[in-house]
Amino acid sequence: MNITADTTTGTSTSTHTDAVAGTAPAEQPRTGARDADGMAVAAFVLGLLGLLVLNLFLGPIAIVLAGLALMRGTARRGRALLGLGLGIADLAVLAAFVATDHTLSWSLTG
């Protein structure tokens, strides 16, 4: 805290600085790395959800997001790989249903 006095007007002002001399502010994580981590989580969630519904759309989206996250060097590599695997599984489930029912839509009520 610095206090300065103005002798001509009789007033004083004070300023408070939070920075400690000689230390750098804490470094924030790169935005690209945070985005890649978010993509990895989104790929996992969409891949998992795609096993139940909308696997024609959610499977490819999970595959693309997982690939982008891996290319950008995500810290959540395992989650991205799971999203990639689940996206591929979504398309495999869709292919199995198409082969048995000969249609792109499927239901659980035979």
Side-chain angles (χ1 to χ4, degrees):
M1 180 179 239
N2 296 330
I3 300 174
T4 57
D6 187 356
T7 56
T8 57
T9 60
T11 60
S12 64
T13 59
S14 66
T15 59
H16 184 71
T17 58
D18 291 331
V20 176
T23 62
E27 199 171 308
Q28 295 292 329
R30 296 185 332 259
T31 302
R34 279 191 309 199
D35 291 345
D37 291 347
M39 286 181 202
V41 172
F44 173 73
V45 170
L46 292 177
L48 194 59
L49 187 60
L51 288 174
L52 303 174
V53 295
L54 297 173
N55 47 5
L56 178 64
F57 300 107
L58 297 180
I61 292 171
I63 292 170
V64 168
L65 285 175
L68 286 172
L70 289 170
M71 285 176 44
R72 291 184 180 188
T74 181
R76 298 179 180 196
R77 185 171 171 78
R79 185 118 349 128
L81 290 172
L82 282 172
L84 182 64
L86 287 170
I88 293 169
D90 291 347
L91 296 180
V93 167
L94 178 65
F97 280 122
V98 168
T100 58
D101 292 342
H102 303 293
T103 181
L104 284 178
S105 63
W106 55 274
S107 70
L108 297 176
T109 60

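A quick note: this is a predicted structure, and the numbers were derived from the prediction, not measured. For reference, positions follow the sequence shown, starting with 1.
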Mind listing the closest non-hydrogen atom pair of [X] and [Y] along with its distance?
X	Y	result
Ala62	Gly87	CB-CA, 4.1 Å
Ala69	Ala80	CB-CB, 4.3 Å
Ala40	Thr74	CB-OG1, 4.0 Å

Cluster check [X], [Y]: I/L/V/M/F/W/Y, side chain < 4.5 angstrom:
X	Y	result
Ile61	Leu49	yes
Leu65	Val53	yes
Met39	Phe57	yes
Ile63	Leu56	no
Leu70	Val64	no

**Item:** Spacing of CG belonging to Leu46 relative to CG belonging to Leu54, to within rounding of 0.5 Å
**Value:**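 Here the interatomic distance stands at 10.5 Å.
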**Within residues 76-88 or reaching into it, pairs that qualify as side chain to side chain donor-acceptor pair (under 3.5 Å) - sequence neighbours excluded** =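 Passing the test, one end in residues 76-88: no pairs.
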Would you be so kind as to tabulate the donor-acceptor pairs closer than 3.5 Å made by side chains of residues 89-100, with sequence neighbours excluded?
residue: Asp90; atom: OD1; partner: Leu51; partner atom: N; Å: 3.1
residue: Thr100; atom: OG1; partner: Ala96; partner atom: O; Å: 3.2
residue: Thr100; atom: OG1; partner: Phe97; partner atom: O; Å: 3.1

